[in-house]
Amino acid sequence: NGAVKSTLLKLLSRISRPTSGTIRMRGKVSSLLEVGTGFHPELTGRENIYLNGAILGMRKAEIDRKLDRMIAFSGIEHHLDSPIKRYSSGMKVRLGFSVAAHLDPEILIVDEVLAVGDAEFQRKCLGSMREVADGGRTILFVSHNMVSVQSLCTRALWLEKGLVRREGPTDELVRDYLSTYTHQHSQQEWAEGEGPGTDEVRLVAVRAISADPTGAFTTDHPVRVEIELDNRSIRDADLDVRLQVRTGNDAIAFSSDLSASLPATLWNLGRSKVSCTIPAHLLNSNTYRFHVVLFRHGHLLFRAEDVLSFDVHEAARTGSTFRKMPGAVRPQLNWQR
């Protein structure tokens, strides 16, 4: 935040003028920067398609030809003849992106407005942007969602306080960017009363222990995760513990609940420990971050983020390829032939 990303996009879109320097671009430019940009609140969605298309440089005949595709892509057919002032933010984004995507630009500039849309529409937008990129055209995409950045972009620019910190291949930059804010630690302990939690129960310690004799975390050895709790008032069996594991780019690798594996039993007051084992060959060579989440009566009690974070290294491999295995996890499945 505050890295001047949105300002840069406004300069590139010719909405703002630079105070110094020059910008050189070759090709037709289309931008989607803010929700509702270029829309008139009193006009209907259909009328705003023509207005917004004209602002972006489309001729009426071109809009007529693409109108049905735009409407179908937006998914708001039933509201198309209502004034846009009655639209939700997500509906405005759907309509705005639909117009921008069908402009057939050589350069498409997209700010992180897609975060407003639902998951289904975000997938549709990312698919549309991939088609633009695969067609030899340019996408300039700003987002805090590292998974989206990695799935769409081949190169990345890391901005910090208005300056370019680094530029290069996306996977490399995302890894370095996230590692700046993630500290490696395979165990954490807290003084009494200072651990994450509530007046009912708090964390005392969380540890990850590798079965590798060297203590290193490798793909071919299991990892045991121990969670130590200080239970101050819960005397029943209605307390659940969840371990959520995320990759270095913040994608969820998997989650596991205590209640899914063990029958409910009464919790004793005082210190107690629960543990689980992540089997060998499940974790990929990657950075993993562990969250501990506690539930009571089916509701969230508290969430402790990044209680553990460590790298898993590639072990010796056999087979026909020795490149890094793609994916958040790499289970060793039971193959037959």
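The structure presented is a predicted model; accordingly, all values stated were derived computationally and were not measured. Residues take their numbers from the sequence shown, with the count starting at 1.
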Under the 3.5 angstrom rule, does the side chain of Arg130 hit a backbone N or O of Leu152 as a donor-acceptor pair? no
Any luck finding a side-chain donor-acceptor pair between Arg242 and Gln244 under 3.5 Å? no
More than 12 heavy atoms of other residues, nucleotides or ligands under 6.0 Å from CZ of Arg86: yes or no? no
Whether the side chain of His40 engages the backbone of Asn48 through a donor-acceptor N/O pair (distance < 3.5 Å, no angle test) should be reported. no
Would you say that more than 12 heavy atoms from the other residues, nucleotides or ligands in this model lie under 6.0 Å from the CG of Asp81, or not? yes
Residue Arg155 excluded, over 12 heavy atoms near CZ under 6.0 Å: yes
Are Thr218 and His221 close enough that a side-chain donor and a side-chain acceptor fall under 3.5 Å? yes
Answer yes or no: is there a donor N or O on one side and an acceptor on the other, between the side chain of Tyr288 and the main chain of Ala328, under 3.5 Å? yes
Would you check if Ser309 and Thr287 make a side-chain contact, meaning some heavy-atom pair closer than 4.5 Å? yes
Rounded to the nearest 0.5 Å, the CZ atom of Arg224 sits from the CD1 atom of Ile278 at a distance of 11.5 Å
How many angstroms lie between atom CG of Leu282 and atom CD of Gln332, to the nearest 0.5 angstrom? 11.0 Å
Inter-residue atom distance Phe254.CZ - Leu243.CG, 0.5 Å rounding: 6.5 Å
As a quick check of understanding, evaluate side chain to side chain contact (heavy atoms under 4.5 Å, CB included) for Phe290 and Val225, giving each step before the final call. CA-CA 10 Å; Phe290 291 72; Val225 178; 4.2 Å; yes
Within 6.0 angstrom of His78 NE2, more than 12 heavy atoms from elsewhere: no
From CG (Leu140) to CD1 (Ile107), nearest 0.5 Å: 9.0 Å
Going from CD1 on Ile84 to CZ on Phe39, what distance comes out if it is rounded to the nearest 0.5 angstrom? 4.5 Å
Within-4.5 Å side-chain heavy-atom neighbours: Tyr50 and Leu67: yes
Would you call Asp111-Lys5 a salt bridge at under 4.0 Å N-O? no
Could you tell me the separation between the NZ atom of Lys92 and the OH atom of Tyr87, rounded to the nearest 0.5 Å? 10.5 Å
Taking all non-hydrogen atoms of both residues, which atom of Thr219 and which atom of Asn284 are closest, and how far apart? CG2-C, 3.9 Å
Under 3.5 Å donor-acceptor, Ser210 side chain and Ala216 backbone: yes
Taking Thr170 for its side chain and Cys153 for its backbone only, find out whether a donor-acceptor pair lies under 3.5 Å. yes
Between Arg246 and Glu305, does at least one N-O distance fall below 4.0 Å, as a salt bridge requires? no
Residues Gly75 and Glu77: closest non-hydrogen pair is C-OE1, 3.2 Å
One thing to verify: whether Glu106 and Arg26 come together as a salt bridge, which I'm taking to mean a side-chain N less than 4.0 angstrom from a carboxylate O. no
Are side-chain N/O atoms of Asp257 and Ser259 paired as donor and acceptor at under 3.5 Å? no
Please indicate whether Arg14 has more than 12 foreign heavy atoms, meaning atoms of other residues, nucleotides or ligands, lying under 6.0 Å from its CZ. no
Passing candidate, side chain to side chain contact (heavy atoms under 4.5 Å, CB included) with Val241, options Val201, Val293, Leu294, Leu301: Leu294
When you measure from the side chain of His291 to the backbone N and O of Asp306, does any donor-acceptor pair fall under 3.5 Å? yes
Does the pair Glu194/Arg202 count as a salt bridge with the N-to-O cut at 4.0 Å? no
For Ala253, is there any backbone N or O sitting under 3.5 Å from a side-chain donor or acceptor partner on Thr247? no
Please work out whether the ring planes of Phe217 and Phe310 are parallel, tilted or perpendicular, with thresholds of 30° and 60°. parallel
